[in-house]
Amino acid sequence: MVGERNITKGKPYFSQHIINKFGITYFHDDSESLADNFTFAVWPNQKSKSTIKPETDFLEEMFNITISSVNDQAPELKTKGLRLKVLQGSRLVVGPENLKVEDVDSPPDEIRYVILRNPNNGFLAMAYHPDTPVHHFTQADIDDSQVWFIQDGSPSSGVFYFSVTDGKHLPLYKLFHLDVIPVSITLANLTDLLLPQGQTTVPITSAHLSAMTNGRSPHVTYKITWPLQHGHLLIENQVVTSFGQEDLDSGRLSYHMTNLTAAEDQLQFSLFTSESNLTGQTLNIRVQPLLQVMSDLKIANGVAHQLRRKDLDATELANMTNSDPRFEVTEPPVHGRLVWRGPRSTVMEAATLFTQRDIDQGLLLLDPHANLTGTDVLNDSFTFLLREDCVQPAVGYLPFIIVPADPLLLQTSTPYVPLFVTGDNLVTSVVSQEKPVVSSGPMTGTETLGKLTRTRWQEADPWGQHRGEEPSVDGKVPPTKVIWPPAATRVSPRAHTQPRESSYPLMVILPLAAVIFLLIVAAVALCVWLLGRKVEKAKPLIRPQAIPESTAPSHRLERSMTVPTVTVTPLIQCSSRPPTGPFRTLQCEPMAPPVSEPVEKCAPWETWVNLDPDMVKLCRQTNPTLKHNQYWV
């Protein structure tokens, strides 16, 4: 400025005369800059001429200005959180990111720190003397990473108290926190060890057991704290009680089971490093069953599911041991029951022990009864112990999903049922897709359950067969898929099982009813036609014979030409045990004559269907003596 005129902004011209007489003045803007300059040009100019810079004949120079600083600003702390996290027993640099104080008018080497209270879990030191505690340093030392914190190994956190100043202003007093991270061992992998059923040795690798540590020593040692109950650990065929992580990584460690009656074992151990330890750890060792299990088995609620080999398959174990594996149920299903049905009986009982052969023969039924209110599916399972004499037992389980009942799942296959017609008995069997009803006592007449019509035996068996025996022709049951209601199990004598309401929609029931009705009509018509043919063939074979007279009135033989009414009796008898299938073929014998005379026996259907005329004639010629009021038909 020249006088009061700012020549920087307007009329930036002045002469040597003004400089000599008044001089020019430089005003600083009070910033923290310590240097400034301006550039000028000088040339000769006459007073009578205007002040215009010529294009030539001028001199241009730069005028430098040095500014002397004035310490008028106090230091300012830039670090918001005065905190340092350090690993237990380690050392860490205290850098500008942890502690930073700035002063605009003071360099970093003039900002001095003084430790007023030392840390209670270590000390501060310089990098060139790490074992010697220091009590003062500068911001320049911090910026150069020369200040270190040495942790003494204690697990507790601590603080140190300090002051900082630029030498002129009042110091700042602050508290610096030192958070200690304890040295720890972490199990990165702890997975159950599975020993295949039938084997005694299995390797233990890092896939089953591995550990990591944040300490300076990476070596981890495992030590057994409780002896194994049913085996021991081996490294190169040597029994060991401790091992390292390198043994697991290389696969040299293995478990050998010595007790073949156990299904599991436990390895209890602790981990150690030079800085830390981890105790109370357990590795579970389980025998893996040699079994194939269906993972997504779905069962309709209220519908008994017949377990097959595709659901539970221990064939591989059976082939290995040349035996029949046994399943011992330890935990039954929560929302249902597992029942066993005999091969020649329909009495259901709780299945607590079964074999693979029972599964292959379809004798195991899984009957779910769950409350599906408010849910679509429900998970359930049952646990068992797979046993075999030559190998260890193994725990397994079969999971299944209970879904709402579906009409398609309730359909049953219709087996071939032969139709037998004799002169004394007429058997008709109508198979429908309704659930069979189990009755413990014989009944008379015809019962209709939904669309299933069945004629039942009377109390007396017309062929003299013992009660409780299953009538059969060849001893084989035609393959039939039957869905037994829950009440079919454990039927008490003389107790009738009430039919459950059908869950079929109306559109399914009506067509089934029509088809069953047509089958009944066709069966009755066929029986009537066969019965008529039997009567026609029987007439020529009957020859009138003289009725021998006896002196005793009670033994008088009578023969009447009146044909009595014939009652048609079905061949299927409802005993205390329902048949294994809805219907079975029959094999019966004729009733023995009341007298002691030897009579040749002929099956009724053989007499009228399979025998030739000579045999029929022979049977008719050997008639036993009739009692009073008895007639031949």
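Positions are given from 1, in the same order as the sequence printed here.
In this structure, V164 and I111 have side chains that are in contact, with non-hydrogen atoms separated by less than 4.5 Å. Under the 4.5 Å side-chain criterion, counting only non-hydrogen atoms from C-beta, V403 is not in contact with D376. Looking at heavy atoms from C-beta onward, D141 lies in side-chain contact with M126 at the 4.5 angstrom threshold. K310 places a side-chain heavy atom less than 4.5 Å from the side chain of M294. You'll find the side chain of W148 stays beyond 4.5 Å of the side chain of L92, heavy atoms only. Residues V240 and L234 are not in side-chain contact: their nearest non-hydrogen atoms beyond the backbone lie 4.5 Å or more apart. Within the 4.5 Å cutoff, side-chain heavy atoms of L278 are placed close to those of L187. Annotation: side chain of T279 is not in contact with side chain of F269 (no heavy-atom distance under 4.5 Å).
In this model, a donor atom of one side chain and an acceptor atom of the other lie less than 3.5 Å apart for D166 and H169. If you check the side chains of S323 and E388, you find a donor sitting under 3.5 Å from an acceptor. H305 and D311 share a donor-acceptor pair across their side chains, judged by distance under 3.5 Å alone. N118 and H135 share a donor-acceptor pair across their side chains, judged by distance under 3.5 Å alone. A side-chain N or O of R308 and one of Q306 form a donor-acceptor pair less than 3.5 Å apart. Side-chain contact, T355 with D324: a donor N or O sits under 3.5 Å from an acceptor N or O. No donor-acceptor contact under 3.5 angstrom links the side chains of Y128 and Q146, judged on distance only.
The shortest heavy-atom contact between F382 and P332 is CB-C, 3.9 Å. Here the closest heavy-atom approach between residue P399 and residue S381 is recorded as CA-CB, 3.7 Å. Pairing each heavy atom of A74 with each of D103, the nearest pair is O-OD1, 4.0 Å. M62 approaches T39 most closely through the heavy-atom pair CE-OG1, 3.9 Å. What you find for A351 and V339 is that their closest heavy atoms are CB-C, 3.8 Å. Heavy-atom minimum distance, A127 versus S145: CB-O, 4.4 Å.
For the atom pair CD (E331) and CG (L338), the distance works out to 13.5 Å, reported to the nearest 0.5 Å. Put simply, CD1 on I285 and NE2 on H208 are 10.0 Å apart, with the number rounded to the nearest 0.5 Å. Taken to the nearest 0.5 Å, the CD1 atom of I299 stands 9.0 Å off from the CG atom of D367. Summarising the geometry, atom OG1 belonging to T315 is positioned 4.0 Å from atom CZ belonging to R309; distances are rounded to the nearest 0.5 Å. Expressed to the nearest 0.5 Å, how far CG of L283 lies from OG1 of T191 amounts to 8.5 Å. Between the CD1 atom in I224 and the CG atom in L233 there is a gap of 4.0 Å [rounded to 0.5 Å].
Side-chain atoms of T213 come within 3.5 Å of backbone atoms of S184 as a donor-acceptor pair (strictly under, hydrogens ignored). For the pair R91 (side chain) and V86 (backbone), a donor-acceptor distance under 3.5 Å is absent. Side chain of E275 to backbone of V183: no donor-acceptor contact under 3.5 angstrom is found. Between the Q356 side chain and the A314 main chain, a donor and an acceptor come within less than 3.5 Å of each other. A donor-acceptor distance shorter than 3.5 angstrom exists from the side chain of Q197 to the backbone of L386, with no hydrogens or angles considered. Using a distance-only test at 3.5 Å, with no hydrogens or angles considered, a donor-acceptor pair links the side chain of T375 to the main chain of V377. Panel note: side chain D380, backbone V334; a donor-acceptor pair is recorded below 3.5 Å. With hydrogens and angles disregarded, no donor-acceptor distance shorter than 3.5 Å links the side chain of Q73 to the backbone of V104. Within the 3.5 Å criterion, the main-chain N or O of P196 finds no donor-acceptor partner in the side chain of Q288. Looking only at distances, a side-chain donor or acceptor of Q392 sits under 3.5 Å from a matching main-chain atom of G198.
Residue M212 places its CE atom among 12 or fewer non-hydrogen atoms of other residues, nucleotides or ligands, all under 6.0 Å distant. Under a cut-off of 6.0 angstrom, the local environment of NZ in K85 is sparse, with at most 12 non-hydrogen atoms contributed by other residues, nucleotides or ligands. Atom NE2 of H136 sits in a sparse spot, with 12 or fewer heavy atoms from other residues, nucleotides or ligands closer than 6.0 Å. For F22, the CZ atom sits in a loose shell: 12 or fewer heavy atoms of surrounding residues, nucleotides or ligands are nearer than 6.0 Å. Applying the 6.0 Å contact sphere to CG of N322 captures no more than 12 heavy atoms from other residues, nucleotides or ligands. Surrounding CD of Q268 are more than 12 heavy atoms belonging to other residues, nucleotides or ligands, all under 6.0 Å away. Around CG of N319, the count of heavy atoms belonging to other residues, nucleotides or ligands within 6.0 Å exceeds 12. The environment of F40 atom CZ is dense: over 12 non-hydrogen atoms of other residues, nucleotides or ligands sit within 6.0 angstrom.
A salt bridge links K78 and E76; the closest N-O separation between the charged side-chain nitrogens and carboxylate oxygens is under 4.0 Å.
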List, one per line, each side-chain donor-acceptor pair under 3.5 Å for residues 242-258, sequence neighbours excluded.
residue	atom	partner	partner atom	Å
Q245	OE1	A211	N	3.2
Q245	OE1	Y222	OH	2.4
Q245	NE2	D249	OD1	3.1
D247	OD1	R252	NH2	2.3
D247	OD2	G244	N	3.0
S250	OG	E246	O	3.0
S250	OG	D247	O	3.3
R252	NH1	E236	OE2	3.4
Y255	OH	D265	OD2	2.8
H256	ND1	T201	OG1	2.9
T258	OG1	H230	O	3.3

Name every donor-acceptor pair, under 3.5 Å, that has one atom in a side chain of residues 170-180 and the other anywhere in the protein, sequence neighbours excluded.
residue	atom	partner	partner atom	Å
D179	OD1	R83	NH1	3.2
D179	OD2	R83	NH1	2.8

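Note: Y13 and W43 have perpendicular aromatic rings, judged against thresholds of 30 and 60 degrees for the angle between ring planes. A parallel orientation is assigned to the rings of F137 and Y113, their planes being inclined by less than 30° (bins at 30° and 60°).
For the pairing with L82, the side-chain contact (heavy atoms from CB on, under 4.5 Å) check across N98, L77, V159 returns one residue only, L77.
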**Prompt:** For T241 and K223, what are the C-alpha separation, side-chain angles and deciding distance, and is it a side-chain contact (heavy atoms from CB on, under 4.5 Å)?
**Reply:** CA-CA 6 Å; T241 58; K223 185 176 181 180; 5.8 Å; no

- Query: Checking salt bridge (Lys or Arg N to Asp or Glu O under 4.0 Å) for the pair D389/R326: CA distance, chi angles, key distance, verdict?
  - Reply: CA-CA 9 Å; D389 296 336; R326 304 184 302 274; 3.2 Å; yes

L116 vs F162, test: side-chain contact (heavy atoms from CB on, under 4.5 Å). Steps then yes/no. CA-CA 5 Å; L116 303 179; F162 70 94; 5.6 Å; no

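Residues passing the salt bridge (charged side-chain N to carboxylate O under 4.0 Å, His left out) test with D358: none are found, sequence neighbours excluded.
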